[in-house]
Amino acid sequence: MTQPTPATPHRPGSDRPFYLALGILSGTYVLLLLATLGADAFYTSPGHLWRALQSPEIRYAIRLSLLTCTLSTLLSLWVAVPIGYLMTHLQFRGKALLDALLDVPIVLPPLVIGISLLILFQAPPLRALERVFPITYAVPSIVLAQFMVACAFAVRTMRVTFEQLSPRPEQVALTLGCNRSEAFWRVVLPSAKRGILTAATLAWARALGEFGPILVFSGATRMKTEVLPTTVFLELSVGNLEAAVAVSLLMVAAAVAVLLLIRSQGITPSTQRSL
Amino acid sequence: MIEIENITLQVGTFRLADVSCRIPRGSHTALMGRTGAGKTTILEAVCGLRTVQSGRIRINGRDVTHEPPGARGVGFVPQDGALFGHLTVRQHLGFALDVRRWPAPRIAERVDELASWLRLAHLLDRLPLGLSGGEAQRVALGRALSFHPQVLCLDEPLSALDDDTRAEICDVLADIRQRTGVTLLHITHNRREAARLADNVLQLRDGRIESTPVPEA
C-alpha cells in the first residue's frame, strides 16, 4: 500500500450531507410554526373575523388591551431606562444578585406572579389604598400584572443597549462641560433611541399576550377586566372556537407587526442575545 | 503646563503607581510606549475620566485632581473621534458652547470661525455618518477646541487614517499649536509622527514616564 505523500492532493468529503441533516432538523420546527399559523388562518373565515369584531365584548377587550398595553409599556420604559443605565455604569456590592432578581419575572411561572400580586395587595396598607383607588379585579390590576413581566424584558433590552454603546461619546461630552445628567440627555439617550424602541415593542408584545397573572389578579369579568387573551379563554370555555380563533388571529397579526417593526429598526437577533 | 505628581491609578487588575511627569506649557508632547502600558489611562486621568487614587494633577498651576472633567479646560479627542451620531457637524462645533449657555449669535460666530479654519464649512449640516476619516477627525478636533481649552489630549488621532489623510491632519495639528498655543498631549505609536510634530517626547515604560530625545525624522 502506498502511503500518501505530502504532495498528494487532499479532497475533503462533500458538505452536502451535513447541510442536509441540519436542514431537516431545522425544517421540522419551521414547518410546525407555519402549520400552526396556517391552521389558525384556515380554521377561521372573514365572516368569523367580522362577527368577532362586531361583538361589543370583543371590541371592549380590544380597546382595553390597547390601552393597558400602552400604559404598561410606558411604565416599563420609565423604569427600564434608569435601571439599564445604572446597571451598566455602576459597580457595587450585590450587583450580581440584583441582576438575577431583575430576571425573576422572566423565569417565574406567570400564575405565580398573579398569586404574588394578589397576596401583596392583601397587606393592610395596600388594602387601605384599595378603598380609595380600587386595583385588584379592576383595570389598574391589569396594567400592574402586565408591567411586572413586560418591564423585565424592557430592562434586559435596555441593559444590552447601554452595554453596547461605546462609553467614549459620553466621556467626550463630560470633557466638553456636561455633567452626568446633561451628557445623559444630550448624548446617551439619543444614541439609545433604537434600543428604547425595541424595548417598547417587546414590552408591548409581552403585555398583549399576558394572561395568567391577569386571570388571577384581575379576574375575567366581561366588559370590565376582559383583555384579548381573556376573550380567547372565555370564548373557548363556552365552546365558541370560531370567535376564540378569530381573536387569536388578531393577536398573531399584532405580534407580526411588532416583529416587523423591530426588524425595520435594523435590530437583529444578535443584539438581543441576552434576552 | 501639566504637572503629574506621583499619581496612582487602578483599572481592574491593571495598576500604575507613583507616576510623575511635567509637560511644558504650549508644548506638543508625544506620549509613547507599548500597547497596554497605560498611556490611555494617564490621558484619561488628565481629562478627569479616571479617578486618581493618590497624587496630584495640576494644569497651569491649578490643582484639578478632584475637579470634574468639564471644569478642567481639557479638550479630548479619542482614537475613533467618538462623534455624536445624532448631531450635525454644526451642532458638534457648538456643543460645548451650548452647554456653557453662550448666546446663539456668539456660538454661530465661533462655529463659522472653526469651520473655515478646519475646512468644514461645506459639511456643517451633515451628520457624522458618511464623513471620511479625515473629516471626522477635523470635526472631533474642532469640537474639542471650540471652548478654548488650555490642554488638548489626543489619543492616537492618526492611527486609523490612510497616509494622505494622516499628512493632512498632521498639518492641522501643527497649525492648531501655532494658532492657539494650546498644550498638546498626544499619544502615538508612530516615531515619524512624533518626529514631525512633537518637541517633547515621553516614554511610558514599566510604569515610569521618562523623557527621551525627539526621534530623528
Side-chain angles (χ1 to χ4, degrees), chain A residues 77 81 84-96 99 157-201 261-262 264-268 270-271, chain B residues 10-12 40 43-51 59 64 67-88 91-102 127-129 136 139-155:
Chain A
L77 285 185
V81 172
Y85 182 84
L86 289 177
M87 291 294 282
T88 311
H89 279 69
L90 297 185
Q91 298 301 329
F92 51 89
R93 202 183 284 259
K95 186 173 170 181
D99 195 27
T157 312
M158 286 322 299
R159 275 206 62 181
V160 178
T161 302
F162 285 127
E163 273 163 15
Q164 285 184 343
L165 285 181
S166 157
R168 279 294 185 224
E170 185 181 10
Q171 291 175 339
V172 170
L174 293 177
T175 65
L176 291 171
C178 289
N179 58 23
R180 283 276 170 195
S181 159
E182 285 168 317
F184 176 78
W185 291 105
R186 285 171 183 264
V187 174
V188 180
L189 207 56
S191 2
K193 203 172 72 185
R194 276 182 170 188
I196 294 172
L197 202 73
T198 312
T201 36
L261 188 64
I262 294 180
S264 72
Q265 287 303 304
I267 291 155
T268 55
S270 67
T271 55
Chain B
Q10 177 107 29
V11 186
T40 300
L43 199 78
E44 286 172 341
V46 172
C47 293
L49 300 168
R50 287 264 170 234
T51 312
I59 293 175
V64 297
E67 295 218 353
R72 295 188 177 203
V74 176
F76 176 40
V77 179
Q79 195 166 7
D80 57 355
L83 298 183
F84 308 140
H86 62 294
L87 297 184
T88 61
Q91 288 167 319
H92 276 89
L93 298 181
F95 187 92
L97 314 176
D98 192 43
V99 170
R100 284 166 174 72
R101 309 258 185 279
W102 278 30
L127 288 171
L129 196 72
V139 175
L141 283 167
R143 176 180 64 180
L145 286 167
S146 61
F147 60 101
H148 303 286
Q150 298 170 309
V151 171
L152 191 57
C153 285
L154 312 168
D155 191 355

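Below, chain A is the first sequence line, B the second, and so on; all start at residue 1.
For the set A:R186, A:Q171, A:E182, A:E170, the count of heavy-atom pairs under 4.5 angstrom toward chain B peaks at A:R186. Of the listed residues (B:C153, B:G75, B:P78, B:G85), the greatest number of heavy-atom pairs within a distance under 4.5 Å of chain A belongs to B:P78.
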- Item | CA sep, side-chain torsions, deciding dist, call: B:I59, B:E67, side chain to side chain contact (heavy atoms under 4.5 Å, CB included) | CA-CA 11 Å; B:I59 293 175; B:E67 295 218 353; over 6 Å; no
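Looking at B:R72, neither its backbone nor its side chain comes within 4.5 Å of chain A, counting heavy atoms on both sides. Neither the backbone nor the side chain of B:Q79 comes within contact range of chain A; no heavy atoms are under 4.5 Å apart. With a threshold of 4.5 angstrom between heavy atoms, B:F76 approaches chain A through its backbone and through its side chain. For A:A173, the parts lying under 4.5 angstrom from a heavy atom of chain B are both the backbone and the side chain. Interface remark: B:V74 contributes backbone atoms only to the contact with chain A (heavy atom separation under 4.5 Å). Heavy atoms closer than 4.5 Å to chain A are found in the backbone of B:A144, but not in its side chain.
Looking at A:K193, its side chain never comes within 3.5 Å of a backbone N or O of B:H86 through a donor-acceptor pair. Here the side chain of B:R143 pairs no donor or acceptor atom with the backbone of B:V77 at under 3.5 angstrom. Looking at B:H92, its side chain never comes within 3.5 Å of a backbone N or O of B:A140 through a donor-acceptor pair.
Under the rule for a ring-ring contact (aromatic ring centres under 6.0 Å, His included), the partners of A:F162 that lie at least two apart in sequence or sit in another chain are A:Y85. Scanning for side-chain contact (heavy atoms from CB on, under 4.5 Å) contacts around A:R93 gives an empty result, with sequence neighbours left out.
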